[in-house]
Amino acid sequence: SRAALQTGKTPAHNGAEANHARPHAELKKFPAYLQEQGYEVVAFGKVGHYAQTPEYGFDLAKHFTYHDDVAVAEAVKWLENRTSEKPLCLFVGTNWPHVPWPTATDVPLESITIPSTHVDTPETKQARAKYYQAIKTMDGELGSVFDAAYHKLGSNTLFIHSSDHGAQWPFGKWTLYDAGIRTPLIVCWPGRIAKESTSEAMVSWIDLLPTVLEAVGAPLEESLDGQSILPVLTGQRTSHRSEIFATHSGDGSFNVYPSRCVRTQELKYIRNLYPEFQFDSHVTKVRKEHTYWSSWVEKGRTVPAAARKVRHYQQRPAEELYDLKSDPNEQHNLAQLPEYAQQLQALRTKLDAWLHEQNDRATVFGMPTLLPRVGTPPNVITVFIDDMGWQDLSCFGGQADETPHIDQLAAEGLRFTNFYVNSPICSPSRTALTTGNYPARHRITSYLAKRELNEQRGMAQWLDVGVPTLPRMLSLAGY
């Protein structure tokens, strides 16, 4: 998300698809655009992904480590003492309300209402109170930056408030439901943007960079995926995009669940690329004293409604379709209903075209967990041959030699007459077998040899140890 903000390009185009990934080094970043216009560009707090922040090219970057909670106060202090005459672009990133949430000192438990999509337990209510306390902290920090900015810089200041994604709750962060991808966007610019105004224009996170560029008079590069919303901000237009596209690829091995979506004003279509994976996240995997997930699971043992919510979080169908006008919480999947077949196909086509334009490779980052199998798992025996095609086996019509044992195997099972490998040489062929991917995905396109020869041919030195493979997946499934 932060790489998309800083490049104005989607994850597939900027290279940072999985969490913690870096955008391509050669891409121009937010600071460089503004530095070309004579700006001083400064970052305090979590602006890039923690330690990656200085890599974006800021003139100054400070307090970007995990929950470095002095960042906002230090940004205000720096701004108040600034003497440069250059125009300023200041990024201030607060960690709140990222976990761990603070103790709830100003949020009484009796005031908490649990969202209908969540399981109401005492643990959930206590966690919710801490989350609201974190929001209060963030709100106070934003207010201090707002006041300092206009006091120091004057009214000709474009002030933008937003968030990188939804909150760390089930059906929020790590998901493509609106609770995960719909965030606040509030923009102030005295004399240019009307006060107390509201816009229903559909805007994407990647639109912020070109918006700032147009606002400061910088040229807009055609390579950007984002589109400036300055005409919307200034009241010249009321609409912007007809649909929003979003992707999620994963967060290490905590969350391995690639999904893609397209959202219009009325409908949301989500495509879960690997519905055989179990949806996990820090919510389900991190066990600490303040966590609440185990209380959901426990309540689900006796309360069917709670069990449905737990199951819905961890098990997703291949396709989801929601009518956002009648079902804003995205609880009633319409993808299987005949009366929505036309809308479903239209959104499929839109998403297919966009994914093709993105050159989206549907890569799996990290080691997924397969959904539990119902029933007794079968034993699996695989025997494959080295260096032999199909035509010399007698069961496939070969006359030069007899293969009675293979003929018996064919007699007891299903014999495919149109089966093909993905490469006619060892290393890439076995890579395809063990990963289920075309070998080019792993840069293993010929036989693996000495390092020097591999480098000369532009190949990997070995299969990445983090890649999901057949042995690892079966091991995780209990084999």
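All values reported here derive from a predicted model rather than from experimental measurement.
Smallest separation of non-hydrogen atoms from Ala21 and Gln52: O-OE1, 3.6 Å. When all heavy atoms are compared, the tightest approach of Cys261 to Leu351 is O-CD1, 3.8 Å. In this structure, Lys9 and Asn14 approach most closely via the heavy-atom pair O-ND2, 2.9 Å. The shortest non-hydrogen separation linking Ser228 to Pro210 is CB-O, 3.7 Å. Residues His24 and Gly15 come closest through the heavy atom pair NE2-CA, 3.4 Å. Minimum interatomic distance between Arg316 and Tyr177 (heavy atoms only, all atoms of both residues): CD-OH, 3.5 Å.
A distance-only check finds a donor-acceptor pair linking the side chain of Thr124 to the backbone of Val119 [under 3.5 Å]. Remark: the backbone N or O of Pro471 is not paired with any side-chain donor or acceptor of Ser475 at under 3.5 angstrom. No donor-acceptor pair closer than 3.5 Å links the side chain of Gln236 to the backbone N or O of Thr234. The backbone N or O of Ser144 sits nowhere less than 3.5 Å from a side-chain atom of Asp147 that would complete a donor-acceptor pair. For Lys268 (side chain) and Leu176 (main-chain N/O), a donor-acceptor pair under 3.5 Å exists by modelled atom type. In this structure, the side chain of Ser162 engages the main chain of Pro184 through a donor-acceptor pair within 3.5 Å. Formation of a donor-acceptor pair under 3.5 Å by the Thr65 side chain with backbone atoms of Asp68 is not found in this model. Under a 3.5 Å cut-off, the side chain of Thr7 and the backbone N or O of Ala3 do form a donor-acceptor pair. Within the 3.5 Å criterion, the main-chain N or O of His67 finds a donor-acceptor partner in the side chain of Asn95. Between the Glu266 side chain and the Lys325 main chain, no donor and acceptor come within less than 3.5 Å of each other.
By the 4.5 Å heavy-atom criterion applied to side chains, Tyr269 and Thr264 are not counted as neighbours. Annotation: side chain of Val107 is in contact with side chain of Ile112 (closest heavy-atom distance under 4.5 Å). Between Gln6 and Phe58 there is a side-chain heavy-atom pair separated by less than 4.5 Å. Put simply, the side chain of Val145 does not reach to within 4.5 Å of the side chain of Thr94, judged on heavy atoms. Side-chain atoms of Leu433 and Thr382, non-hydrogen and from C-beta on, never get closer than 4.5 Å to each other. Considering only heavy atoms from C-beta on, Val187 comes within 4.5 Å of Leu158 through its side chain. Looking only at side-chain heavy atoms (C-beta outward), Val76 and Lys152 stay at 4.5 Å or farther from each other. For the pair Asp164/Trp205, a side-chain contact is recorded, criterion being any heavy-atom separation below 4.5 Å from C-beta on.
Of the inter-residue distances, the one linking Asn437 atom CG with Thr363 atom OG1 reads 7.5 Å to the nearest 0.5 angstrom. To the nearest 0.5 Å, the span separating CG on Leu34 from CD on Glu40 amounts to 12.0 Å. We find the NZ-CG distance between Lys125 and Leu109 to be 7.5 Å, quoted to the nearest 0.5 Å. Rounding to the nearest 0.5 Å places OG1 of Thr435 at 3.5 Å from NE2 of His442. Atom CG in Leu273 sits 8.0 Å away from atom CG in Leu355 (nearest 0.5 Å). In this structure, the separation between NE2 on His248 and CG on Asn272 is 10.5 Å, given to the nearest 0.5 Å.
Other residues, nucleotides and ligands contribute more than 12 heavy atoms inside 6.0 Å of the CD atom of Glu26. Within a 6.0 Å sphere centred on CZ of Arg182, heavy atoms belonging to other residues, nucleotides or ligands number 12 at most. Residue-environment remark: CD (Glu339) exceeds the threshold of 12 foreign heavy atoms within 6.0 Å. Remark: Lys285 NZ is packed, more than 12 non-hydrogen atoms of other residues, nucleotides or ligands lying under 6.0 Å away. Atom NZ of Lys62 has 12 or fewer heavy atoms from other residues, nucleotides or ligands within 6.0 Å. Residue-environment remark: CD (Glu276) exceeds the threshold of 12 foreign heavy atoms within 6.0 Å.
Between His165 and Trp174, the ring center distance fails the sub-6.0 Å criterion. When ring centroids are compared, Trp296 and Trp169 stay outside the 6.0 Å threshold. Taking the six-membered ring where the residue is Trp, the centroids of Tyr274 and Tyr257 are separated by 6.0 Å or more. For Phe30 and Tyr56, the gap between ring centers reaches or exceeds 6.0 Å.
Defined by atom type and a distance below 3.5 Å, a donor-acceptor pair is present between the side-chain atoms of Asp280 and Gln278. Side chains of Lys136 and Tyr132: no donor on one and acceptor on the other come within 3.5 Å.
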Audit row: Asp178, Arg263, salt bridge (Lys or Arg N to Asp or Glu O under 4.0 Å) steps and yes/no = CA-CA 9 Å; Asp178 268 15; Arg263 187 203 197 279; 2.8 Å; yes
Check the pair Tyr313 / Thr175 against side chain to side chain donor-acceptor pair (under 3.5 Å), numbers first and verdict last.
-> CA-CA 10 Å; Tyr313 186 57; Thr175 81; over 6 Å; no
Take Leu334 and Tyr322, measure what side chain to side chain contact (heavy atoms under 4.5 Å, CB included) needs, and give me the verdict at the end.
-> CA-CA 6 Å; Leu334 309 173; Tyr322 298 101; 5.9 Å; no
From CA spacing to verdict: side chain to side chain donor-acceptor pair (under 3.5 Å), Lys46, Tyr50 | CA-CA 5 Å; Lys46 186 183 178 184; Tyr50 299 120; 3.3 Å; yes
Test salt bridge (Lys or Arg N to Asp or Glu O under 4.0 Å) applied to Glu17 and Arg361, step by step = CA-CA 11 Å; Glu17 294 186 82; Arg361 300 175 67 186; over 6 Å; no
In sequence, state the C-alpha distance, the side-chain angles, and the governing distance for Leu213 and Leu224, and then conclude on side chain to side chain contact (heavy atoms under 4.5 Å, CB included).
-> CA-CA 11 Å; Leu213 294 184; Leu224 295 176; 4.2 Å; yes
Stepwise side chain to side chain contact (heavy atoms under 4.5 Å, CB included) check, Leu185 with Ile160 = CA-CA 7 Å; Leu185 177 60; Ile160 302 171; 3.9 Å; yes
Is there a side chain to side chain contact (heavy atoms under 4.5 Å, CB included) between Phe277 and Leu370 once you walk through the steps?
-> CA-CA 4 Å; Phe277 293 176; Leu370 295 176; 3.9 Å; yes
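We find that Glu298 and Arg301 are joined by a salt bridge, their nearest charged nitrogen and carboxylate oxygen being less than 4.0 Å apart. No salt bridge links Lys173 with Asp251; every basic N to acidic carboxylate O contact stays at or beyond 4.0 Å. At a threshold of 4.0 Å, the pair Arg271-Asp352 counts as salt-bridged, since one of the basic side-chain nitrogens sits closer than that to a carboxylate oxygen.
The aromatic rings of Phe171 and His312 are tilted relative to each other, their planes meeting at an angle between 30° and 60°. The aromatic rings of Phe44 and Trp78 sit tilted, their planes meeting at an angle between 30° and 60°.
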